[in-house]
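Quick note on labels: first sequence line is chain A, next is B, and so on, each numbered from 1.
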Amino acid sequence: MAFSDDIIGWYAQNKRDLPWRHTKDPYVIWLSEVILQQTRVEQGLPYFHRFLLHYPNVQAFANAPEDELLMHWQGLGYYSRARNMHKAARAVVAEHGGVFPSRYADLIKLKGIGEYTAAAIASFAADEPKAVVDGNVFRLLARYFGIDTPINSTNGKKLFFQLAEELLDTGHPGLYNQGVMEFGALQCRPKNPRCGSCVLRLDCRALKEGRVDQLPVKLKGKASRNRYFNYFIVTEDDRLLMNKRGKGDIWENLYELPLIETPHAVTVQELESREEVIACFGEHAALQLVAGPVKHVLSHQNLFAQFVAVGAPQIPDGKKMPWNYVFIKDLGTLAKPKLIYSFLRDYGLNYT
DNA sequence: TACACGTGGCC
DNA sequence: TGGCCAAGTGT
């Protein structure tokens, strides 16, 4: 009892004034929660405003083309979130008459809504007693109870979810859930936690045992792999050759320049004599390095990209590759990965 | 069930 | 600098 009272009391004094905290509309809460998955508030904030402006309700969201949603999502990362939100919005229109659900059992069935997000929406919008367990909660509980079971292990997840459910203030689930997360974000933060001023300091096991900086424990994942991307700049008058990425790899359904990936770093000269390059651009194409190699770090990959201008290209049939010429003035309507739009901007391919 | 999926900020 | 982390989910 004391734990949830301390959390709710602390929250009343210390909570930030965030726009999604002024509503009980499950659609608006859904927008904010998905945007905030694995994303800092400061990074997500402008996207929240943008999506609410363009798509004030779930019908508007469902009616939008996927390309347009991805364009507005550009730069936020984890693009499957936008694609899954599209599917979820259409399911809400088709199966819930356009009324966004606020029950956990309905929410959990929607694409892109997992245990955390379903609990968040259900508790914030309708005070359904479901405990949220996000990174903040894992960290707070690991420290407060001095638990060194890895938070990303199967056992750890079971343990922390069970504990969170027991601690939930069933009288004020929404308030308590927002409180624990905010507490984890501002007070029991990952680095330099503010233990000196913490209302839980007398009961915190990790603080008592001097283990605050060792908790939570997290199993290390696999090391990143390196990939070598050779991007080609092929223009025809005021048009630029672009590629829409497919399934099964990074940046699904986003647009990029024509790409040839090589198993290791290659020079432009080596590139010129490669079969695939000749097959794509003809024997007499003149290649010239324009930029790179640029290192672009993803969560599980290190990309090394170089950008190569193609002079005198002879594109064989255009049917073999899924490449299409796009008017340079229209480039802004296409969703592109950060690596690509940064290059286009720096290269002076300006579009408005 | 581990692992893949983006980007930016911090030290 | 490079590694870790940030309101997770799908497969």
Given DNA chain B, 5'-ward residue of the pair A/E42 and A/S299, judged by closest heavy atom: A/S299

Let me spell it out: for each of A/K220 and A/G75, pick the nucleotide of DNA chain B with the closest heavy atom. Which residue's pick is nearer the 5' end? A/K220

Measure the distance from CD1 on A/I113 to P on C/dG10 and round it to the nearest whole Å. 9 Å

Tell me: NE2 of A/H300 to P of C/dT11, nearest whole Å? 17 Å

Please identify the 5'-most and 3'-most nucleotides of DNA chain B with any atom under 4.0 angstrom from a heavy atom of chain A. B/dT1 to B/dC10

Under 4.0 Å between a side-chain nitrogen and a carboxylate oxygen: does that hold for A/R21 and A/E182? yes

In terms of side-chain geometry, is the basic nitrogen of A/E128 or A/R103 positioned less than 4.0 Å from the acidic oxygen of its partner? no

Out of the candidates A/Y228, A/F229, A/Y231, only one should pair with A/F304 under the ring-ring contact (aromatic ring centres under 6.0 Å, His included) rule; please name it. A/Y228

Would you please confirm or rule out a distance under 4.0 Å between OP1 or OP2 of C/dG8 and any side-chain N or O of A/K157? no

Integer angstrom distance from the P of B/dG6 to that of C/dG2: 23 Å

Quick one: do the A/Q74 and A/Y47 side chains pair a donor with an acceptor below 3.5 Å? no

Do A/E33 and A/Y116 pair up side chain to side chain, a donor and an acceptor below 3.5 Å, judged on atom types alone? yes

Nearest nucleotide by nearest heavy atom, which residue falls closer to the 5' end of DNA chain C, A/L110 or A/R16? A/R16

What's A/R21 touching, base or sugar-phosphate or nothing? Going by heavy atoms closer than 4.0 Å. base

Between the side chain of A/W73 and the main-chain N/O of A/G77, is any donor-acceptor distance below 3.5 Å? yes

